Amino acid sequence: MDVTVKGLTFEPYLTRDEIAKQVKRVASEIKRDCTTECPIFVCVLNGAFMFAADLYRAIDMPLSEITFIRYKSYDGTQSSGKVKKIMGLIENVEGREVIIIEDIVDTGHTAKMLRDDIAAYNPKSVKMASLLFKPESLKVGQAPEYTAFEIPPKFILGYGLDLDELARGMDEIYVLKNKD
Ligand code: IMP
Ligand code: MG
């Protein structure tokens with residue numbers, strides 16, 4: 001069923017089952033590649049909270065840690081190009097394996113700033129797991145090492161992703177409908 005948020009109409013795009021399947025796949029890829037038993041996962045608020053909760057449970061590494069940072073870049077349905085750090089990292093990640101958990105990599109500006117900021121603390125390695133990746137929109141930086149879904153450059157809503165802070169709680173992923 002379509003949903004309307006702030007006058008825009010969205011249609012169902014990825015179901016709960018499809019999301020769960022890809023989250024499981026990404027979790028097993030991350031586990032397979034970890035070189036230590038105690039990586040630190042860094043969830044980027046607000047958008048990645050739901051993906052991070054499901055992914056971290058599926059990864060199930062008892063000696064790992066999870067922490068949270070907050071960056072903001074979007075206004076409405078467009079990337080603003082300016083990324084603001086709202087809440088930074090307080091843990092010491094020096095010498096540690098870091099895996100950033102993001103909701104979506106669009107232009108890549110947020111992902112690049114996150115990687116650069118964390119790299120400044122001299123971790124052993126920095127990788128990124130993103131729920132969604134829009135390869136055609138990428139302008140700076142690199143693709144995430146782990147991606148649940150590669151998608152076309154369309155605006156997405158739900159499962160943590162918002163439109164001006166609304167609709168993050170929908171447990172399926174919706175896409176902005178073309179006007180016809
Ligand atoms: P970037 O810096 O342009 O790569 O944008 C990354 C951030 O913008 C993400 O972490 C999201 O918070 C937000 N964002 C990008 N695309 C979408 C979208 O389709 N829906 C909702 N938020 C998005
Ligand atoms: Mg985000």
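Both ligands and their constituent atoms are indexed starting at 1 by order of listing. Bear in mind that the values here come from a model prediction, so they are computed numbers and not experimental data.
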**Pair Tyr159-Asp103, side-chain donor/acceptor within less than 3.5 Å** =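 Short answer, no.
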**Request:** Consider only side-chain N and O atoms of Ser125 and Glu97, and report whether a donor and an acceptor are under 3.5 Å apart.
**Result:**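 No - no donor-acceptor pair under 3.5 Å links their side chains.
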Taking the basic N atoms (NZ, or NE/NH1/NH2) and the acidic carboxylate oxygens, is any pair closer than 4.0 Å for [X] and [Y]?
X: Asp17; Y: Lys21; result: no
X: Lys24; Y: Asp54; result: no
X: Arg115; Y: Glu145; result: yes
X: Glu65; Y: Arg96; result: yes

**Request:** Report yes or no: does a heavy atom of Lys134 sit under 4.0 Å from some atom of ligand 1?
**Result:**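 Flag set, Lys134 near ligand 1.
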**Message:** Measuring from non-hydrogen atoms of Val83 to any atom of ligand 1, is the shortest distance under 4.0 Å?
**Reply:**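 Checking ligand 1 against Val83, which is what was asked, there is no heavy-atom contact under 4.0 Å.
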**Request:** Would you mind listing every salt bridge (Lys or Arg N to Asp or Glu O under 4.0 Å) that reaches into residues 1-12, with sequence neighbours excluded?
**Result:**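 Applying salt bridge (Lys or Arg N to Asp or Glu O under 4.0 Å) to every pair that reaches into residues 1-12, excluding sequence neighbours, yields Asp2-Lys177, Lys6-Asp164.
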[X]: numbered ligand 1 atoms lying under 4.0 Å from its heavy atoms:
X: Thr107; result: 1 (P), 2 (O), 3 (O), 4 (O)
X: Leu161; result: 20 (N), 21 (C), 22 (N)
X: His109; result: 2 (O), 4 (O)
X: Lys154; result: 19 (O)
X: Asp162; result: 21 (C)
X: Glu102; result: 10 (O)

**Message:** As an exercise, state the distance from CG of Leu161 to CG of Leu132, rounded to the nearest 0.5 Å.
**Reply:**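 Rounded to the nearest 0.5 Å, the CG-CG separation comes out at 6.0 Å.
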**Asked** Is it the side chain (CB and beyond), the backbone, both or neither of Asp103 that lies under 4.0 Å from ligand 1, heavy atoms counted?
**Response**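 The part of Asp103 near ligand 1 is the side chain, not the backbone.
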**Prompt:** Counting only heavy atoms, which portion of Thr110 has something under 4.0 Å from ligand 1: side chain, backbone, both, or neither?
**Reply:**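 Both backbone and side chain.
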**Item:** Gly108 N/O to ligand 1 N/O under 3.5 Å
**Value:**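 Looking only at distances, the answer is yes, because the N/O contact criterion of under 3.5 Å is met.
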**Message:** Considering both backbone and side-chain atoms of Ala111, is one of its nitrogen or oxygen atoms within less than 3.5 Å of a nitrogen or oxygen in ligand 1?
**Reply:**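 No: no nitrogen or oxygen of Ala111 is under 3.5 Å from one in ligand 1.
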**Prompt:** Mind checking whether Phe133 and Phe149 have ring centres under 6.0 Å apart?
**Reply:**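 Ring-ring flag for Phe133/Phe149: false, centres at least 6.0 Å apart.
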**Message:** Please state which option from Ile104, Leu138, Asn46 has its nearest heavy atom closest to atom 11 (C) of ligand 1.
**Reply:**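 Of the listed residues, Ile104 has the closest heavy atom.
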